[in-house]
Colleague: 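Attaching a single structure in structure tokens format; questions to follow.
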Amino acid sequence: MLIGELSKQTGASARSIRHYEKLGIIGSHRAENGYRRYSEETVEWVKAIRFLLCGGLSLSTIARILPALMNINCKLEDPEIRRVIEEEAINVKSRMEQLDQSHRILTAALEKGYLRRPSE
DNA sequence: ATTCTTACA
DNA sequence: TGTAAGCA
């Protein structure tokens with residue numbers, strides 16, 4: 001299928017699809033006219049990319065785990081993949097703590113009616 | 001009509 | 001990532 005149909009079936013823009021390909025996350029072969037052609041399974045790959053993206057993973061991180069993840073083992077058997085995911089979980093936890101701190105500062109300001117200046 | 005590459009008031 | 005431009 002051409003990029004237009006892949007886009008239609010996955011919801012990803014042609015621009016994004018070309019970007020994923022440039023990053024090596026998905027592949028394609030060219031037709032005589034130079035148009036990109038994708039296999040049916042690429043649809044699943046792009047859907048997986050979008051899913052992981054919604055999970056907060058960066059494209060560079062996805063590029064590292066998706067290949068193995070889409071392979072024979074969708075289980076986390078590969079220790080390398082497992083490691084990457086564990087690191088991501090830690091990053092997410094870290095971000096949650098940052099957000100919690102922001103939340104505390106904001107709610108405290110609302111309760112007291114003013115923002116506490118660090119210099120005083 | 002659709003895709004391609006390149007580039008950014 | 002969007003979008004416009006100029007081709008094929």
Side-chain angles (χ1 to χ4, degrees):
Chain A
M1 67 179 83
L2 298 177
I3 198 170
E5 197 186 329
L6 178 59
S7 173
K8 182 181 178 183
Q9 288 187 38
T10 62
S13 67
R15 169 75 147 91
S16 297
I17 292 173
R18 296 193 185 95
H19 188 49
Y20 301 154
E21 190 180 326
K22 193 171 186 178
L23 295 178
I25 307 179
I26 60 176
S28 77
H29 54 276
R30 300 284 182 137
E32 328 270 285
N33 56 16
Y35 286 12
R36 293 178 177 73
R37 310 218 73 143
Y38 301 93
S39 60
E40 300 298 320
E41 70 169 2
T42 306
V43 174
E44 302 311 312
W45 279 63
V46 175
K47 285 182 178 178
I49 293 173
R50 303 198 82 201
F51 176 75
L52 264 21
L53 234 28
C54 285
L57 301 193
S58 66
L59 285 177
S60 60
T61 297
I62 293 175
R64 283 190 292 168
I65 66 173
L66 196 58
L69 225 47
M70 294 300 281
N71 215 33
I72 310 174
N73 41 350
C74 262
K75 316 296 180 189
L76 303 185
E77 301 176 341
D78 188 323
E80 166 64 10
I81 302 304
R82 174 142 219 141
R83 206 192 84 191
V84 174
I85 294 180
E86 289 176 335
E87 289 178 355
E88 273 311 306
I90 292 175
N91 289 333
V92 171
K93 184 178 179 183
S94 176
R95 277 186 279 160
M96 286 178 77
E97 292 170 348
Q98 285 293 308
L99 285 175
D100 184 60
Q101 184 178 51
S102 297
H103 184 68
R104 290 177 188 292
I105 292 175
L106 265 19
T107 55
L110 288 174
E111 287 177 16
K112 297 182 178 180
Y114 63 85
L115 272 177
R116 172 185 161 211
R117 272 169 295 184
S119 59
E120 292 176 38

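Values reported hereafter were calculated over all heavy atoms of this structure, with side chains retained and with hydrogens, waters and symmetry mates removed. The sequence lines fix the lettering, A, B, ..., with proteins before strands; numbering per chain opens at 1. Everything quoted here is computed from the prediction, not taken from an experiment.
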Colleague: Output the distance between atom NE2 (A:His19) and atom OG (A:Ser13), rounded to the nearest 0.5 Å.
Modeller: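 So the gap between those two atoms works out to 10.0 Å.
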Colleague: Is it true that, when you exclude A:His103 itself, more than 12 heavy atoms of the residues, nucleotides or ligands shown sit nearer than 6.0 Å to its NE2?
Modeller: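 No, NE2 of A:His103 has 12 or fewer neighbouring heavy atoms, counting only those of other groups under 6.0 Å.
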Colleague: Could you pull out the closest heavy-atom pair between A:Ala12 and A:Val46, with the gap in Å?
Modeller: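 Shortest heavy-atom contact: CB-CG1, 3.8 Å.
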Colleague: What is the distance from atom OG1 of A:Thr42 to atom CD1 of A:Ile25, rounded to the nearest 0.5 Å?
Modeller: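 Between atom OG1 of A:Thr42 and atom CD1 of A:Ile25 there are 12.5 Å.
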Colleague: Using atom names, set out every protein N or O paired with an N or O of nucleotides 3-8 of chain C below 3.5 Å, distance rounded to 0.1 Å.
Modeller:
| residue | atom | partner | partner atom | Å |
| --- | --- | --- | --- | --- |
| C:dT3 | O4 | A:Arg15 | NE | 3.0 |

Colleague: If you walk 5' to 3' along DNA chain B, what is the first nucleotide with an atom under 4.0 Å of a heavy atom in chain A, and what is the last?
Modeller: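 Both ends considered, the range comes out as B:dT2 to B:dA7.
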Colleague: When rounded to the nearest 0.5 angstrom, what is the spacing between CD1 in A:Ile65 and CD1 in A:Ile81?
Modeller: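 If we round to the nearest 0.5 Å, A:Ile65:CD1 and A:Ile81:CD1 are 6.5 Å apart.
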Colleague: For residues A:Glu5 and A:Gln9, is any side-chain donor paired with an opposing acceptor at under 3.5 Å?
Modeller: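 Distance-only check passes for A:Glu5 and A:Gln9.
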Colleague: Stem list for DNA chain B, please, built from Watson-Crick and G-U wobble pairs under 3.5 Å and keeping only runs of at least 3.
Modeller: B:4-8 with C:2-6
Colleague: Once you apply a heavy-atom cut-off of 4.0 Å, does A:Arg36 come out as touching a base, just sugar-phosphate, or nothing?
Modeller: sugar-phosphate
Colleague: Categorize A:Arg37 for me: base, sugar-phosphate, or nothing, with a 4.0 angstrom heavy-atom threshold over every strand shown.
Modeller: nothing
Colleague: Taking all non-hydrogen atoms of both residues, which atom of A:Ala31 and which atom of A:Arg37 are closest, and how far apart?
Modeller: CB-CD, 3.8 Å
Colleague: OP1, OP2 of C:dT1 versus side-chain N and O of A:Ser16: anything below 4.0 Å?
Modeller: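 Yes, within the criterion.
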Colleague: Enter the distance from A:Leu99:CG to A:Arg104:CZ here, rounded to the nearest 0.5 Å.
Modeller: 12.0 Å
Colleague: Identify the two heavy atoms, one from A:Ser39 and one from A:Met1, that lie closest to each other, and give their separation to 0.1 Å.
Modeller: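 That closest heavy-atom pairing would be O-CE, 4.2 Å.
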Colleague: To the nearest Å, how far apart are A:Ile49 CD1 and C:dT1 C1'?
Modeller: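 One finds 15 Å between C1' of C:dT1 and CD1 of A:Ile49, rounded.
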Colleague: Which heavy-atom pair separates A:Pro67 from A:Trp45 by the least distance, and what is that distance?
Modeller: CA-CH2, 3.8 Å
